[in-house]
Amino acid sequence: IAPESHKLKEHFRLSDTQLLSMSSTGTVLAAIRPESKDAVVRKLRRNGISASVLGVFTESPRRILVRGGKATSFPRTGEDPYERILSGQL
């Protein structure tokens, strides 16, 4: 998660779920082969594009969030606070 997002979280007192639910305008998600991830990230960064590996696909339908080495259930739903932030309501 980008440092700017953490600053928004602190400033607007957003929950972790709200942070994960924020609008992804301008974001590109790509599913790539595990053996290609390092080369893809390097190439994107070399071209001035911020890139991160978000996770992996598994056979399990369970979605988990790993933070600090601890696994928790990924939120099923979340409120995107983006519109309220821009409108001054938050």
Side-chain angles (χ1 to χ4, degrees):
I1 299 175
E4 296 86 355
S5 297
H6 285 289
K7 287 183 186 222
L8 287 171
K9 179 184 178 196
E10 290 174 20
H11 180 79
F12 292 106
R13 296 185 203 104
L14 303 175
S15 68
D16 288 342
T17 301
Q18 288 175 313
L19 181 64
L20 291 170
S21 300
M22 285 183 67
S23 178
S24 58
T25 302
T27 299
V28 175
L29 293 177
I32 58 174
R33 295 176 192 266
E35 62 271 13
S36 301
K37 70 178 177 162
D38 293 335
V40 170
V41 168
R42 266 195 313 274
K43 184 144 190 152
L44 288 168
R45 288 180 179 167
R46 207 173 318 136
N47 285 284
I49 300 169
S50 177
S52 299
V53 175
L54 299 178
V56 297
F57 289 103
T58 67
E59 295 293 324
S60 172
R62 183 171 174 242
R63 297 187 313 163
I64 60 169
L65 177 63
V66 178
R67 187 180 356 208
K70 182 181 176 193
T72 59
S73 293
F74 195 87
R76 294 185 64 105
T77 61
E79 169 208 4
D80 183 348
Y82 188 68
E83 183 179 332
R84 291 188 335 158
I85 290 171
L86 292 179
S87 68
Q89 296 176 14
L90 195 69

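Worth knowing before you read on, the calculation uses all heavy atoms, side chains too, and leaves out hydrogens, waters and symmetry mates.
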What's the spacing between [X] [atom1] and [Y] [atom2] if we round to 0.5 Å?
X: R62; Y: S73; atom1: CZ; atom2: OG; answer: 5.0 Å
X: I64; Y: F74; atom1: CD1; atom2: CZ; answer: 11.0 Å
X: N47; Y: K43; atom1: CG; atom2: NZ; answer: 6.5 Å
X: S50; Y: R45; atom1: OG; atom2: CZ; answer: 7.0 Å

List the atom of K37, the atom of I32, and the distance in Å for their closest heavy-atom pair.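 For K37 and I32, the tightest heavy-atom pair comes out as CA-CD1, 3.4 Å.
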Considering all heavy atoms of both residues, which atom of R13 and which atom of Q18 are nearest to each other, and what is their separation?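 For R13 versus Q18, the nearest heavy atoms are O-OE1, 4.3 Å.
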Cluster question for you: counting only ILVMFWY and a side-chain heavy-atom cut-off of under 4.5 Å, with indirect links fine, are V56 and V41 together?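 V56 and V41: separate clusters.
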